[in-house]
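Okay, structure first, notes after.
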There are 2 protein chains.
Amino acid sequence: MEKLRSFSTLSAIDNSSMVDKVEMSLLDFFISKELNVGDSIPKELELADLMGVSRTVIRESLNRLRTMGLIETKKKRGTVIKSPDITLILQKSIIPHILDHSTLRDIFELRLALEVGMADFVVTRATNEDILELFEIVKDEEGQSADILFDIDYEIKFHGKLYEITANDTLREFQKLLLPVYKYIYSSGLLNLPTAQRKFTSHKQLVEILQTRDAEKFRMGMRHHLENHFYRIL
Amino acid sequence: MEKLRSFSTLSAIDNSSMVDKVEMSLLDFFISKELNVGDSIPKELELADLMGVSRTVIRESLNRLRTMGLIETKKKRGTVIKSPDITLILQKSIIPHILDHSTLRDIFELRLALEVGMADFVVTRATNEDILELFEIVKDEEGQSADILFDIDYEIKFHGKLYEITANDTLREFQKLLLPVYKYIYSSGLLNLPTAQRKFTSHKQLVEILQTRDAEKFRMGMRHHLENHFYRIL
DNA sequence: TGTAAATTATATGTATGACATAATGCACAA
DNA sequence: TTGTGCATTATGTCATACATATAATTTACA
């Protein structure tokens with residue numbers, strides 16, 4: 001297979017179906033026409049006629065674009081351009097047990113990077129009510145005892161609130177969509193999580209840092225908080 | 001519209017098409033059967049028969065799953081489960097000028113968070129060759145002069161290399177896929193970028209920090225490097 | 001004359017049957 | 001063992017017909 005690459009004269013065989021081609025053509029069409037949200041595109045039969053294929057092919061292509069959230073169709077009205085909800089698209093396609101292990105690991109790393117990196121947004125945008133709410137969430141965390149049982153739902157509640165604070169919808173949806181992946185990773189033993197782990201910075205301490213509104217400190221705190229996850233990967 | 005919610009006895013009208021339902025059924029089928037990558041599913045006619053709909057509907061549903069990268073079909077062989085390439089899916093659907101402004105801003109923030117947060121992976125995984133390559137990239141950056149013209153391609157080259165160093169394919173693809181969005185944001189004036197901007201930490205300085213292999217310092221350096229972008233958003 | 005109800009037109013949604021195409025496996029031959 | 005050809009089979013494409021929902025228009029009525 002690798003050897004084939006050296007035959008530069010051999011052009012790649014066009015293995016794509018009509019639907020693939022039409023899909024590309026349609027995307028090009030959208031871009032070249034600089035269509036905006038709400039603009040409508042020609043109806044199926046017209047497109048079929050224009051591109052010289054059957055309505056079936058057009059429909060299958062449009063169906064893909066619809067799946068990607070690029071268009072929306074209504075009876076009688078036709079097809080219109082839509083602003084895609086990029087997270088909604090991923091939502092269905094991410095079925096943890098179907099993703100291979102390296103992808104799962106990648107996604108988990110992505111989460112770690114995000115949570116450390118979003119410190120500035122959390123610190124800047126957290127209202128006093130948010131902080132109170134966080135205190136409420138962590139109030140049951142036992143004093144200074146850092147060795148508590150790892151509770152995934154508690155984890156999600158706390159970190160989920162942080163995502164919420166960022167006021168970044170895409171980020172928030174992103175988190176929601178990756179939740180099943182985390183749950184899967186934790187439960188599948190892929191990460192070799194110990195039942196009791198040392199927490200370098202507790203949730204409670206994190207909230208206290210947040211209260212000082214020091215982004216730098218909060219970022220460091222979060223990094224230390226996630227130390228258990230990092231050292232397992234690095 | 002909002003008022004309808006108070007009528008709890010009124011069940012939501014099932015506005016979904018057959019294709020929607022069949023799609024859900026198929027997903028449930030995959031999950032309940034715990035199908036793994038490579039497993040094949042019944043052929044179209046069997047599915048049509050089983051679910052009591054026409055082959056057309058089955059095909060449209062399968063087409064969606066194929067768009068999401070969950071399945072792959074081959075003539076004669078049939079349909080098999082696939083590990084979806086989640087970034088490839090997004091690739092086509094992200095057409096910057098179709099995304100609305102708030103989503104664009106969200107994505108840009110996501111980038112900032114990622115680049116600050118991935119410091120640990122960069123520091124830990126960068127080989128000496130990587131660092132040399134980075135030095136090569138920044139070698140033309142004028143000495144201590146921090147006021148250089150903002151060059152998007154140069155930016156992409158440098159930061160792209162960092163993503164590459166993380167050795168995280170998903171992250172890397174993610175970056176590639178968001179590139180058009182960045183370019184669009186920079187060129188559209190959405191961010192009000194100044195022609196000349198003060199860099200708190202230059203690329204060259206970043207590489208020097210990286211050479212010390214101090215993750216903490218590198219993270220701080222990156223945060224300061226991106227200061228121009230942050231303060232425009234926060 | 002203005003508004004509500006009924007009608008019509010139309011574009012998408014679904015169904016069906018036919019044939020094209022390509023991959024698979026088998027039989028047979030060199 | 002290797003190669004060729006043929007039959008089989010599941011997806012890919014096409015054509016047509018009809019169902020369904022809804023925008024647009026007309027009609028009916030106060």
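The chains referred to below are lettered A, B, ... by the order of the sequence lines, with proteins before strands, and numbering in each begins at 1.
The aromatic rings of A:H203 and A:H159 sit perpendicular to each other, their planes meeting at more than 60°, with 30° as the lower class boundary.
Sorted by residue number, the members of residues 36-53 of chain B with any non-hydrogen atom under 4.0 Å from DNA chain D read B:K43, B:E44.
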Which atom pairs, donor and acceptor, lie under 3.5 Å between side-chain atoms of residues 72-84 of chain B and protein residues at least two apart or in another chain?
| from | atom 1 | to | atom 2 | distance (Å) |
| --- | --- | --- | --- | --- |
| B:T73 | OG1 | B:R66 | NH1 | 2.9 |
| B:S83 | OG | A:I98 | O | 3.3 |
| B:S83 | OG | A:D100 | N | 3.3 |

Residues 27-42 of chain B, side-chain donor-acceptor partners within the protein, below 3.5 Å, at least two apart:
| from | atom 1 | to | atom 2 | distance (Å) |
| --- | --- | --- | --- | --- |
| B:S32 | OG | B:D28 | O | 3.2 |
| B:S32 | OG | B:F29 | O | 3.1 |
| B:D39 | OD2 | B:N36 | N | 2.8 |

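Residues passing the side-chain hydrogen bond (donor to acceptor under 3.5 Å, both in side chains) test with A:R55 are A:E44, sequence neighbours excluded. Considering only residues two or more places apart in sequence or on other chains, B:D106 meets the salt bridge (charged side-chain N to carboxylate O under 4.0 Å, His left out) condition with none of them.
Within the 4.0 angstrom heavy-atom criterion, only backbone atoms of the sugar-phosphate kind lie near B:T73; the bases stay farther away.
Rounded to 10 degrees, the angle separating the terminal axes of the helix from C:dT1-D:dA30 to C:dA30-D:dT1 is 10°, with each axis obtained from five end pairs.
Not a single donor-acceptor pair, N or O on each side, falls under 3.5 Å between the base of D:dT22 and the side chain of A:K74. Between the side chain of A:S54 and the base of D:dA15 there is no donor-acceptor pair of N/O atoms closer than 3.5 Å. With hydrogens and angles left out, the side chain of A:R55 and the base of C:dG13 share a donor-acceptor pair within 3.5 Å.
Of the residues B:E60, B:R59, B:M24, the one that meets the side-chain contact (heavy atoms from CB on, under 4.5 Å) test with B:V19 is B:E60.
The side chain of B:T79 contributes an N or O atom lying less than 4.0 Å from OP1 or OP2 of D:dT11.
Between A:R223 and B:D120, at least one side-chain nitrogen of the basic residue sits less than 4.0 Å from a carboxylate oxygen of the acidic one, meeting the salt-bridge criterion.
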